[in-house]
Every structure is written in structure tokens, then in C-alpha cells.
Participant: 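Let me begin by handing over the structure; questions about it come next.
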Amino acid sequence: MPDIPTATPRARVRVPLRFADGYGADAELVTFHGLADGREHLAVVLGDPGPVPLVRPHSECLTGDVFGSARCDCGPQLREAVERIADRGGILLYLRQEGRGIGLYNKLDAYALQDEGLDTYAANAALGLPEDARDYTAAAQMLTALGVTELDLLSNNPDKADQLRALGITVRDRVPTGVFTTAHNIHYLRAKALQTRHTLPLTELPELTAG
């Protein structure tokens, strides 16, 4: 087991969740003491988690989660994750890692470069930033504090599974999310599939095989 600092639950509060499409779920929100990066990450416990719960680490996306931006798939992934986790029982980790860890302003600067033709990763590099700056140490701390050492991971991103395993969490299975395409995010999704091995079905991303 890697030597990472121990986190402890700080507070738990019941919150009924309601989405714009009418879906609702009751959740327990958990805050923590001792997270390694000092950020205010949140665990959203849904349904009745069993010995191997379904878990999604979801990185904060103000533009997608709150404003419904069609330039990414974050909002639909969040909505899907809450329902799937509530049905099975598990935890959504809402991680304060806007823009794959680069922050909101930098993310919007990267959007401007994408408008000039760069993909999402090249835009980050052009700003002198990592392609993906996210670290899942706090996620592993939160899971351990909640007594979760083995899980099924709801994610298309193999890096999340690799990092959690390296941090001592057993990932039994990686369960893909849906594919949420718009006219505005297809290039973003194709970059994720081609450059960082996200498990996005090529048949549902026709531009990936075009030309």
C-alpha cells in the first residue's frame, strides 16, 4: 500500500438532488479532513453501496456541469453517473480539478486556441501547461476514508484506473460511460479517444474514421 496521508470524514449531510430533466436522487454528501492537495473535494454517496461499489471520479467542469456547455461531455456524464450509481449503489467523487487540473481561466484560454484549430491537448501544451494535470491521490484518500478498497470504475479514461491502482485501490472493472456527442464536442472527443486511449466507440464518433 502506498504511503499516502490518511484523510477522515469531516461532515455528512443528506441532500435531495434534482436535475433539469426531472430526474432526482437522494444523496449523502461527505466532506473530509486531511486531503493531500488541500482542496474541497466532495463524495456523493448514492443508493446502497455494496462491498464493491460503482465509483466515478468526476472532475469539476463549471461550463459543462452548471452552464450546459456543448463543447464537452461533462454535464451529460455527470447526470448519467448519478443515475447509474444510484441504481446500483456507489459513490461519485466530485473533484475540484477544473480543466483537467489547469483551472477555469486556463481552460477558457485553451478554448480560444481550440477555436484556432488546436486540439484540447495541443492547446494546453501551447499555454505551457500539462496535457492532463490531474492527480487522484485525494480520490484514493476519500475512498479509503469511506472504507472502499475495491470498486468498479465508471470511466472511459484508463489513467484514472492506473492512478487508483498505483494508490492502492483495487479496480475490479472499468465500466464505460455513454457517448455524448454534439456538433461542438466531436473534435474534443476524438482527441480523447486517439491521444489518451479513452474507450469511446469509434462507430459512434464517425469523424474519427473520416478521411
Side-chain angles (χ1 to χ4, degrees), residues 17-25 39 41-42 44 54-86 92-136 139 153-161 163 174-211:
L17 306 182
R18 300 293 181 264
F19 290 83
D21 63 0
Y23 175 75
R39 295 178 179 176
H41 305 298
L42 190 68
V44 183
L54 184 63
V55 172
R56 174 165 177 77
H58 183 90
S59 296
E60 177 182 49
C61 177
L62 178 70
T63 51
D65 296 343
V66 177
F67 297 122
S69 168
R71 292 188 64 146
C72 65
D73 56 348
C74 302
Q77 282 189 327
L78 177 63
R79 164 65 181 81
E80 175 199 39
V82 169
E83 183 170 1
R84 290 178 67 176
I85 294 171
L92 184 140
L93 302 176
Y94 198 79
L95 305 174
R96 313 302 297 276
Q97 300 184 134
E98 183 80 45
R100 295 199 302 274
I102 66 174
L104 178 60
Y105 280 18
N106 283 329
K107 182 177 83 171
L108 296 178
D109 290 343
Y111 274 4
L113 292 176
Q114 290 171 44
D115 289 340
E116 297 175 7
L118 298 183
D119 68 39
T120 181
Y121 300 103
N124 281 17
L127 293 170
L129 300 168
E131 287 186 350
D132 192 332
R134 289 175 294 182
D135 181 296
Y136 295 99
L153 183 68
L154 181 61
S155 177
N156 297 325
N157 185 355
D159 183 56
K160 290 182 181 180
Q163 286 203 40
R174 184 159 61 87
V175 181
T177 73
V179 179
F180 303 101
T181 59
T182 73
H184 304 281
N185 73 12
I186 190 70
H187 295 294
Y188 166 77
L189 295 179
R190 61 180 283 178
K192 292 205 295 185
L194 291 174
Q195 296 195 43
T196 51
R197 301 182 294 116
H198 281 60
T199 49
L200 295 166
L202 301 188
T203 56
E204 298 185 40
L205 296 174
E207 289 192 31
L208 284 171
T209 56

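Positions are given from 1, in the same order as the sequence printed here.
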Participant: If we ignore angles and hydrogens, is there a donor and acceptor under 3.5 Å between the side chains of R56 and T177?
Facilitator: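 The answer is no; no qualifying pair exists.
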
Participant: Quick one: CG on L78 to CZ on F19, what's the gap to the nearest 0.5 Å?
Facilitator: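 It comes to 5.5 Å.
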
Participant: Looking only at non-hydrogen atoms, find the nearest pair between A86 and A25 and report the distance.
Facilitator: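 Where A86 meets A25 most closely, the heavy atoms are CB-CB, 4.3 Å.
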
Participant: Nearest 0.5 angstrom please: L17 CG to E83 CD, how far?
Facilitator: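 L17 atom CG to E83 atom CD measures 12.0 Å (nearest 0.5 Å).
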
Participant: Is it the case that the side chains of R134 and S59 hold a donor-acceptor pair, with the cut-off being a distance below 3.5 Å and no angle test?
Facilitator: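 A pair is found: one side chain offers a donor N or O, the other an acceptor, under 3.5 Å apart.
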
Participant: Going by the rule side chain to side chain contact (heavy atoms under 4.5 Å, CB included), which residues pair with V175 if we only count those two or more places apart in sequence or in a different chain?
Facilitator: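 Side chain to side chain contact (heavy atoms under 4.5 Å, CB included) check on V175 returns L54, R84, D152, L154, D173.
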
Participant: Would you say the side-chain atoms of N156 pair up with the backbone N or O of P176, donor to acceptor, closer than 3.5 Å?
Facilitator: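 Checked: no pair found.
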
Participant: Any donor-acceptor pair under 3.5 Å linking the side chain of E98 with the backbone of L62?
Facilitator: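 Answer holds: yes.
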
Participant: Say you draw a straight line from CG of N106 to CZ of R100; how long is it, rounded to the nearest 0.5 Å?
Facilitator: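 Atom-to-atom, N106:CG and R100:CZ are 12.0 Å apart.
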
Participant: Please determine whether side chain to side chain contact (heavy atoms under 4.5 Å, CB included) holds for the pair D109 and I102, giving the CA-CA distance in whole Å, both sets of side-chain angles, and the decisive distance to 0.1 Å.
Facilitator: CA-CA 10 Å; D109 290 343; I102 66 174; over 6 Å; no

Participant: Would you indicate whether the side-chain heavy atoms of C61 and K107 approach each other to under 4.5 Å?
Facilitator: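 The answer is yes; the side chains approach within 4.5 Å.
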
Participant: I'd like to check V82 versus L92 (side-chain heavy atoms, cut-off strictly below 4.5 Å). Are they in contact?
Facilitator: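 Yes, close enough: below the 4.5 Å cut-off.
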
Participant: For Q163, give me all partners under side chain to side chain contact (heavy atoms under 4.5 Å, CB included), at least two apart in sequence or on another chain.
Facilitator: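 With neighbours one apart ignored, the set is D135, Y136, D159.
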
Participant: Calculate, to the nearest 0.5 Å, the distance between atoms CZ and NZ belonging to R174 and K160 respectively.
Facilitator: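 NZ of K160 is found 10.0 Å from CZ of R174.
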
Participant: Taking NZ, NE, NH1 and NH2 as the nitrogens, is one of them in R71 or D115 under 4.0 Å from a carboxylate oxygen of the other?
Facilitator: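 Counted as a salt bridge, because a side-chain N and a carboxylate O are separated by less than 4.0 Å.
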
Participant: When you compare the side chain of P57 with that of L153, does any pair of heavy atoms fall below 4.5 Å?
Facilitator: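 Of all side-chain heavy-atom pairs linking P57 with L153, at least one is under 4.5 Å.
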
Participant: Report the distance from atom CG of N124 to atom CD of Q114, rounding to the nearest 0.5 Å.
Facilitator: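 Rounded to the nearest 0.5 Å, the CG-CD separation comes out at 8.0 Å.
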
Participant: Where do N157 and S155 come nearest, in terms of heavy atoms and distance?
Facilitator: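 Closest approach of N157 to S155, heavy atoms only: N-OG, 2.9 Å.
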
Participant: By the definition side-chain hydrogen bond (donor to acceptor under 3.5 Å, both in side chains), identify the one residue from H58, R79, Q77 that meets it with D65.
Facilitator: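 Of the listed residues H58, R79, Q77, the side-chain hydrogen bond (donor to acceptor under 3.5 Å, both in side chains) partner of D65 is H58.
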
Participant: Would you check if V44 and I85 make a side-chain contact, meaning some heavy-atom pair closer than 4.5 Å?
Facilitator: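 V44 does not reach I85 side chain to side chain.
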
Participant: Say whether, by atom type as modelled, one donor and one acceptor occur between the side chain of H41 and the main chain of R96 under 3.5 angstrom.
Facilitator: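 Confirmed, H41 side chain pairs with R96 backbone.
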
Participant: Residues in side chain to side chain contact (heavy atoms under 4.5 Å, CB included) with A126, at least two apart?
Facilitator: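 With neighbours one apart ignored, the set is L113, L118.
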
